[in-house]
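These notes concern the structure reproduced below.
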Amino acid sequence: MTSADRHFSPSEAADLLGVSVKALRLYEEKGFLTPSRSATGWRAYGPEQISRAREIVALRALGLSLAQIGRVLARDEVEMAKVLAGHQANLETRIAALMSALSQVGALRSELGAGRLPALSDLADLAPSNLPEPVAFELPWPWGGERFELKRLAKLTFIVGPLFSGKTRLARRLAEALPDAGFLGLERVTDTAAAKARLADDPALAARVAESLRWIVEDGGTESDAMLALLVALEAAAPKILVIDMIEDGLDQPSQEALMAHLRRRDADAKPVLCLTRSNAILDLAAVTPDEAILFCPANHSPPMLVAPFPGAPGYEALASCLASPAVRARTAGVIAHRPDQASQSA
């Protein structure tokens, strides 16, 4: 049997396609995909099923819901027109942003050609931002009042550092300094009364949360109180910028991965999110996009620094050493759990 004729088990097919086994089952339940059966009755995915599954995964990457995918697979002309129009609008928005960035790069290259070396801050300014002006403040303890300036705010910013590096204090200070920002703490995992009350009082918010949750479950995530609290904060009109403490808390690995897919799928004008994390399912360094940024808090309490997600970049190795799989994070979460207040203030 050649590799082209190979049949894959559900777990092998899921790994090959970059989705969860739960997602494959869901595609099957919706009638999008029909796996064959082995002689012993196990599901098997041959070339035709893998090809169809790739099409489904690609349509999901375009931002289509399962209902839309069903109509596209059925060759619905009206739905296809809507999909193409939406994709064209997204591409035009990205093109406008790229043209602006190209103009900035051209200006910096002209300066370099004239013998003027661009400042590192000029290079950092090439990152996407929706801040009307830079945000500057004195860093809290343990930095001792050093000045910190954030010139640009990415759509998604990861805040990472080892234990007791001050990253939680930095996050709280950012939530205070950024315009219309709010901080979502760890209490959300066990106390969801406020989130549920907001849903009861705001039907429009409840509808948006239900839609987001449906997408996440379709991508292999699990509905939970922790997930609900996150989605309520993400979908609420206020705050305009959201800073989240340890975004992975209360979520298993498939849910973390589905949440990240959801965050990246949001519209360009969605609220910016800054999230603390030490999970490599949340911060997959190979998956970071140009619309994202990484703030790293060194163990020696040097000022927080932006780190590029590439091996060899300044701070990359120290950053990577702070990340662990959800399974490892779950095993080590109890190390400081007996002193939650002190731990969160020092982290």
Side-chain angles (χ1 to χ4, degrees), residues 3-37 43-98 155-156 204-223 227 231 234-235 254-270 284 287 289-292:
S3 58
D5 297 326
R6 181 181 172 188
H7 283 63
F8 297 86
S9 69
S11 60
E12 291 172 333
D15 288 342
L16 181 66
L17 297 163
V19 299
S20 66
V21 173
K22 184 177 179 179
L24 288 180
R25 289 287 183 90
L26 188 59
Y27 302 158
E28 181 183 348
E29 291 173 7
K30 294 291 184 181
F32 302 161
L33 191 63
T34 305
S36 58
R37 295 280 178 170
R43 286 176 173 81
Y45 296 83
E48 290 185 8
Q49 290 91 356
I50 293 294
S51 177
R52 170 51 68 93
R54 288 189 192 281
E55 293 172 348
I56 297 168
V57 172
L59 291 172
R60 288 289 275 170
L62 286 177
L64 274 65
S65 68
L66 289 184
Q68 290 174 310
I69 289 175
R71 292 191 288 270
V72 169
L73 293 177
R75 314 294 292 171
D76 184 310
E77 184 176 345
V78 174
E79 191 63 51
M80 286 187 174
K82 291 179 181 178
V83 169
L84 291 172
H87 190 51
Q88 179 177 339
N90 288 335
L91 289 174
E92 288 171 349
T93 300
R94 290 166 60 187
I95 287 171
L98 287 172
K155 178 180 176 182
L156 181 59
L205 172 61
R208 294 194 299 272
V209 169
E211 177 70 7
S212 296
L213 185 58
R214 182 173 63 81
W215 274 80
I216 287 172
V217 171
E218 288 175 359
D219 279 343
T222 300
E223 182 174 350
M227 183 68 77
L231 293 180
L234 286 167
E235 296 296 341
S255 296
Q256 292 180 35
E257 293 169 351
L259 174 64
M260 289 310 303
H262 172 69
L263 290 175
R264 290 185 167 121
R265 190 165 48 223
R266 295 177 305 150
D267 294 336
D269 59 352
D284 179 352
T289 74
D291 292 334
E292 300 167 13

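Applying the salt bridge (charged side-chain N to carboxylate O under 4.0 Å, His left out) rule to pairs touching residues 65-83 yields Arg71-Glu79, sequence neighbours excluded. Judged as a salt bridge (charged side-chain N to carboxylate O under 4.0 Å, His left out), the pairs with a partner in residues 53-67 (not counting sequence neighbours) are, in order, Arg52-Glu55, Arg60-Glu218, Arg60-Asp219. For residues 14-34, the pairs satisfying salt bridge (charged side-chain N to carboxylate O under 4.0 Å, His left out) are Glu28-Arg43, with sequence neighbours left out.
Looking at residues two or more places apart in sequence or on another chain, you find a side-chain contact (heavy atoms from CB on, under 4.5 Å) between Thr289 and Arg264, Asp291, Glu292. Under the side-chain contact (heavy atoms from CB on, under 4.5 Å) criterion, Ala44 pairs with His7, Ser36, not counting sequence neighbours. Scanning for side-chain contact (heavy atoms from CB on, under 4.5 Å) contacts around Ala74 gives an empty result, with sequence neighbours left out. For Thr222, the side chain to side chain donor-acceptor pair (under 3.5 Å) criterion is met by no residue, not counting sequence neighbours. Under the side-chain contact (heavy atoms from CB on, under 4.5 Å) criterion, Glu257 pairs with Gln253, Ala281, not counting sequence neighbours. Residues satisfying the salt bridge (charged side-chain N to carboxylate O under 4.0 Å, His left out) test with Glu48, not counting sequence neighbours, are none. Taking Glu12 as the reference, Arg6 meet the salt bridge (charged side-chain N to carboxylate O under 4.0 Å, His left out) condition, with sequence neighbours excluded.
Atom CD of Glu211 is surrounded by more than 12 heavy atoms from other residues, nucleotides or ligands within 6.0 Å.
The two residues Leu24 and Ala13 come nearest to each other via the heavy atoms CD1-CB, 3.9 Å. The two atoms that bring Phe32 and Gly70 nearest to each other are CE2-CA, 3.4 Å, heavy atoms only. The two atoms that bring Met227 and Leu213 nearest to each other are CG-CD1, 4.0 Å, heavy atoms only. Scanning all heavy atoms of the two residues, the minimum distance from Pro10 to Tyr45 falls at CA-CE1, 3.7 Å. Contact detail for Val209 and Leu231: the closest heavy-atom pair is CG2-O, 3.8 Å. In plain terms, the two heavy atoms of Ala258 and Gly221 that are nearest each other are CB-N, 3.7 Å.
Ser212 contributes a side-chain N or O that, together with a main-chain N or O of Arg208, makes up a donor-acceptor pair within less than 3.5 Å.
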Could you walk me through whether Leu17 and Ile56 pass the side-chain contact (heavy atoms from CB on, under 4.5 Å) check? CA-CA 10 Å; Leu17 297 163; Ile56 297 168; over 6 Å; no

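Side-chain contact between Leu59 and Val83: absent, with no pair of heavy atoms (C-beta onward) separated by less than 4.5 Å. Contact check for Trp215 versus Leu66: no side-chain heavy atoms found under the 4.5 Å cut-off.
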